[in-house]
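Lettering follows sequence order; numbering is per chain, from 1. From a predicted model like this one, the values you see are computed outputs, not experimental measurements.
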Amino acid sequence: MESGQIALTEVPEVELERPRDPSHGDWSTNVALKSAKLAEQSPRALAEIIAEGIAGHADVSAVEVAGPGFINLRLSDAALQRVVGQVREAGGDWGRVDLGRGRRVQVEFVSANPVGPMHVGHGRWAALGDSMAAILAHAGWSVEREFYVNDAGVQMDIFAKSVAARYLELSGRTVEFAAEWYQGAYITEIAREIVADEGDRWVAAPASEREAYFREKAYAQVLEHLKGVLHGMGCDFDVWFSERTLHAPGSDGLSDVDRAIAKLTEAGYIYEADGATWFASTKLPEWGDDKDRVLRKADGDLTYFAADIAYHEDKFERGFDRVINIWGADHHGYVARMKAACAALGHPGQLDIVIGQLVTLLRNGEVVRMSKRTGEMVTFEELLDDVGADAARYFFLRRSTDQPLDFDIGLAKEQSSENPVYYVQYAHARICSILRKGAGTPETDESVADTAVRLTAGGADLSLLADPAELTLLRKLAELTEVVEDAADALAPHKLAHYAEDLAASFHQFYTLCHVLDDDPALRAARLQLVDASRIVLATVLGLIGVSAPERM
RNA sequence: GCGCCAUUAGCUCAGCGGAUAGAGCGUCCGGCUACGAACCGGGAGGUCGCAGGUUCGAAUCCUGCAUGGCGCACCA
């Protein structure tokens with residue numbers, strides 16, 4: 001345009017991207033294809049003019065016009081070699097971007113009812129939510145992880161009755177066990193502990209007193225258990241939010257739920273009909289709910305939805321700019337009403353709900369049917385014990401959330417050495433081994449990070465990193481920034497897992513083709529720096545997906 | 001009946017408007033007297049569910065259909 005060869009009054013949306021085929025260069029743009037019509041030139045002619053303008057930039061070694069009018073750019077070796085220093089200076093901050101600009105986001109996930117063990121689906125949400133939170137933090141958001149504890153409502157009562165029934169049985173009474181009660185063996189276990197602690201002193205107590213006591217005792221125990229299992233896979237929450245607090249009256253006698261309904265009333269979204277209180281979801285058609293929803297039933301009880309509205313209002317009152325919920329696909333029918341409710345409360349579009357498709361557990365190729373009520377289930381805890389936290393987390397994360405997951409227990413165990421997670425971890429362990437050997441301390445207990453600092457203190461001439469395998473690895477190291485951006489934008493941790501595998505592959509190829517501990521001290525020094533940069537990026541990526549980066553394995 | 005998600009290599013899945021559709025597993029052939037072979041290289045294998053449409057360009061967007069999963073309570 002400056003040279004007067006192109007006349008454009010507006011510029012269409014164009015893309016600058018990394019081509020799939022590396023022979024097309026490091027970057028490719030379709031600007032000429034997009035602008036051809038407006039510029040009244042053929043795409044190729046336009047591309048030639050633009051390409052001429054780009055050629056000569058210091059970091060660009062080649063520009064070419066290809067295909068229908070793509071412009072392909074190739075970075076200079078020097079630009080790539082600089083990545084080593086950038087990575088080593090940034091350390092664990094490499095790949096950080098600022099999409100969030102410091103805004104606060106809350107990620108709420110798992111939120112399993114505290115009335116029994118978690119199922120394997122909860123494992124998926126745990127891996128997903130924890131990683132998503134880490135990625136968002138790396139992308140510049142201020143993140144909090146939250147677990148919503150459903151400690152109010154009828155399932156708690158059923159839970160209490162179930163434990164009480166088992167307690168009475170253990171104390172020698174005959175009990176008619178209702179069909180809707182929980183039948184899992186863990187219920188009996190809890191009852192057994194109460195017997196051990198307190199004997200039969202509750203046998204003669206009134207049922208209501210007994211159940212009230214058991215509810216609290218059993219609930220506290222289960223909650224601690226959930227925390228322990230989640231902690232065991234490296235998943236820790238900042239906040240455990242109790243549903244009961246929403247129902248508790250404040251100093252003005254009103255509960256959070258009362259106040260949320262009042263706020264909606266003021267906004268004009270509440271009406272009474274058939275003796276019940278309704279939320280006029282259909283007054284907000286853009287959120288897609290197809291009918292209005294009851295908040296207070298004709299019998300005076302609140303619905304779960306009423307509490308959930310109060311809960312979300314509470315989240316926004318706590319100052320979050322954005323709220324993300326991770327739900328199983330069996331709750332997707334709930335999405336529209338929840339978004340409509342948030343909009344009605346004055347927070348339109350600030351709630352994102354990630355729907356994870358369900359996990360089907362297979363054993364020897366056969367579906368394991370599970371039911372919390374009947375107690376036939378393989379718990380998440382058992383699965384963790386079987387396959388290990390690293391493999392479980394990686395397995396849960398590796399595919400996109402809208403893809404159902406078949407988890408074959410036998411396969412996961414049998415193929416554990418074939419699991420891609422080991423491929424990535426092996427690359428890291430291999431790097432650590434090279435660094436130790438390079439420093440002449442193969443048996444040291446020193447952390448590899450310290451070894452690396454000592455080993456590379458003398459600096460290096462990075463222009464020696466010119467082998468195609470080295471340049472490929474450098475390109476891959478540089479890519480993390482975009483991957484983080486992509487993954488944060490799409491709320492898609494699986495993109496990090498795939499990147500980790502790509503990076504590990506690039507490293508293994510480099511290792512095969514380029515001898516690091518070379519006799520030439522200059523080449524050796526340069527390659528050691530590249531190896532260390534690879535270690536840093538690999539460890540960072542593994543950290544983002546919540547998998548350990550072992551120095552030996 | 002309505003809604004959400006899916007359908008891509010033998011299997012499990014990426015890719016989600018661009019240039020010859022990719023990876024792992026499986027299969028066939030090759031590579032350790034150098035830093036970890038839990039590794040690397042190569043081959044075979046695909047009308048991207050079907051039919052229309054939009055576009056300079058469609059696995060990718062739109063419509064319809066088929067198949068599968070999950071939902072459609074004054075349950076939680």
Side-chain angles (χ1 to χ4, degrees), chain A residues 15 17 19-21 23-24 28-30 33-34 36-37 42-43 66-70 72 113 115 150 152-156 158 180 243 273-278 288-308 328-336 355-358 360 395 398-406 408 411 415-427 429-438 442 469 490 492 494-495 497-498 501-502 504-505 507-519 524 527-528 531 552-553:
Chain A
E15 286 111 44
E17 59 179 14
R20 256 201 299 253
D21 181 345
S23 73
H24 293 140
S28 178
T29 176
N30 60 0
L33 287 163
K34 290 285 187 191
K37 226 175 233 176
S42 84
F70 292 103
N72 296 335
N113 285 342
V115 296
N150 297 124
V154 297
Q155 87 283 350
M156 288 296 291
I158 296 171
E180 71 267 24
E243 182 189 350
D274 303 328
T277 303
W278 295 73
D289 200 10
D290 58 345
K291 59 182 81 152
D292 293 343
R293 306 293 173 174
V294 171
L295 299 185
R296 191 184 298 278
K297 299 185 266 183
D299 66 7
D301 283 352
L302 293 163
T303 60
Y304 180 84
F305 184 44
D308 226 0
D330 52 344
H331 287 81
H332 79 259
Y334 206 72
V335 171
I355 293 297
Q357 294 300 310
L358 300 177
T360 304
F395 208 106
R398 207 162 88 95
R399 67 187 56 191
S400 78
T401 51
D402 43 31
Q403 198 69 242
L405 178 65
D406 285 340
D408 192 310
L411 212 61
Q415 292 195 334
S416 61
S417 65
E418 297 291 337
N419 192 312
V421 69
Y422 295 107
Y423 178 79
V424 177
Q425 291 183 315
Y426 179 64
R430 203 178 212 186
I431 285 170
C432 294
S433 175
I434 295 168
L435 292 172
R436 284 190 299 262
K437 188 130 188 171
H494 76 276
K495 288 174 187 284
H498 288 282
E501 287 170 50
D502 284 351
F507 181 80
H508 287 311
Q509 284 154 11
F510 155 76
Y511 172 88
T512 304
L513 295 170
C514 301
H515 188 222
V516 177
L517 302 177
D518 197 85
D519 289 337
R524 176 189 175 109
R527 285 183 172 164
L528 278 169
V531 168
R552 292 186 168 87
M553 55 192 286

Roughly, in whole Å, what's the span from [atom1] in [X] to [atom2] in [N]?
X: Tyr422(A); N: rA37(B); atom1: OH; atom2: C1'; value: 18 Å
X: Glu501(A); N: rA38(B); atom1: CD; atom2: C1'; value: 14 Å
X: His24(A); N: rA21(B); atom1: NE2; atom2: P; value: 12 Å
X: Tyr423(A); N: rC39(B); atom1: OH; atom2: C1'; value: 8 Å
X: Leu513(A); N: rC40(B); atom1: CG; atom2: P; value: 11 Å
X: Asp519(A); N: rC35(B); atom1: CG; atom2: P; value: 13 Å
X: Phe507(A); N: rA38(B); atom1: CZ; atom2: P; value: 15 Å

Counterpart residues, side-chain hydrogen bond (donor to acceptor under 3.5 Å, both in side chains), relative to [X] (two or more places apart):
X: Ser28(A); value: Asn72(A)
X: Arg430(A); value: His508(A)
X: Asn150(A); value: Glu243(A), Tyr304(A)

Using the [atom1] atoms only, state how far [M] lies from [N], rounded to an integer number of Å.
N: rC11(B); M: rC50(B); atom1: P; answer: 15 Å
N: rA14(B); M: rC61(B); atom1: P; answer: 15 Å
N: rG46(B); M: rA23(B); atom1: P; answer: 15 Å
N: rU47(B); M: rG3(B); atom1: C1'; answer: 32 Å
N: rC29(B); M: rC48(B); atom1: P; answer: 31 Å
N: rU67(B); M: rA51(B); atom1: C1'; answer: 15 Å
N: rG26(B); M: rC16(B); atom1: P; answer: 27 Å
N: rA59(B); M: rC75(B); atom1: C1'; answer: 41 Å

Under 3.5 Å on both distances, the Watson-Crick or G-U partner of [N]:
N: rG68(B); value: rC5(B)
N: rU54(B); value: none
N: rC48(B); value: none
N: rC13(B); value: rG22(B)
N: rU33(B); value: none
N: rA59(B); value: none

Name the closest nucleotide to the Met553(A) side chain, picking from rC35(B), rA38(B), rC39(B).
rA38(B)
Among rC39(B), rA37(B), rG41(B), find the nucleotide with the atom closest to the side chain of Gln509(A).
rG41(B)
Could you encode protein contacts along nucleotides 70-75 of chain B as a string, one character per nucleotide from 5' to 3', using B for base contact, S for sugar-phosphate-only contact and - for no contact, with a heavy-atom cut-off of under 4.0 Å?
BSSSBS
Could you work out, with ring pair (Phe, Tyr, Trp, His ring centres under 6.0 Å) as the rule, every residue matching His494(A), not counting sequence neighbours?
His498(A)
When we call it a touch if two heavy atoms are under 4.0 Å apart, what does [X] touch: a base, just sugar-phosphate, or nothing?
X: Ala427(A); answer: nothing
X: Tyr511(A); answer: base
X: Cys432(A); answer: nothing

Taking N or O atoms only and anything under 3.5 Å, show me the protein contacts with nucleotides 13-15 of chain B, one pair per line.
| from | atom 1 | to | atom 2 | distance (Å) |
| --- | --- | --- | --- | --- |
| rC13(B) | OP1 | Arg399(A) | NH1 | 2.3 |
| rC13(B) | O5' | Arg399(A) | NH1 | 2.8 |
| rC13(B) | O5' | Arg399(A) | NH2 | 3.4 |
| rA14(B) | OP1 | Ser400(A) | N | 2.8 |
| rA14(B) | OP1 | Ser400(A) | OG | 3.0 |
| rA14(B) | OP2 | Gln403(A) | NE2 | 2.9 |
| rG15(B) | OP1 | His494(A) | NE2 | 3.1 |
| rG15(B) | O2' | Arg20(A) | NH1 | 3.1 |

Who pairs with Asp330(A) by salt bridge (Lys or Arg N to Asp or Glu O under 4.0 Å), at least two apart in sequence or on another chain?
none
Residues at least two apart in sequence or cross-chain that pass salt bridge (Lys or Arg N to Asp or Glu O under 4.0 Å) with Arg293(A), listed by chain then number, are Asp289(A), Asp290(A)
Beyond-backbone contact of [X] with [Y], side-chain heavy atoms, under 4.5 angstrom:
X: Glu501(A); Y: Val424(A); answer: yes
X: Thr401(A); Y: Ile355(A); answer: no
X: Asn30(A); Y: Phe70(A); answer: yes

On a heavy-atom basis, the closest approach of Phe507(A) and Ile434(A) is CZ-CD1, 4.0 Å
Base rA19(B) paired with Asn72(A) side chain (donor-acceptor, <3.5 Å)
yes
Strictly by side-chain hydrogen bond (donor to acceptor under 3.5 Å, both in side chains), give each pair with a member in residues 509-519 of chain A just once, sequence neighbours left out.
none
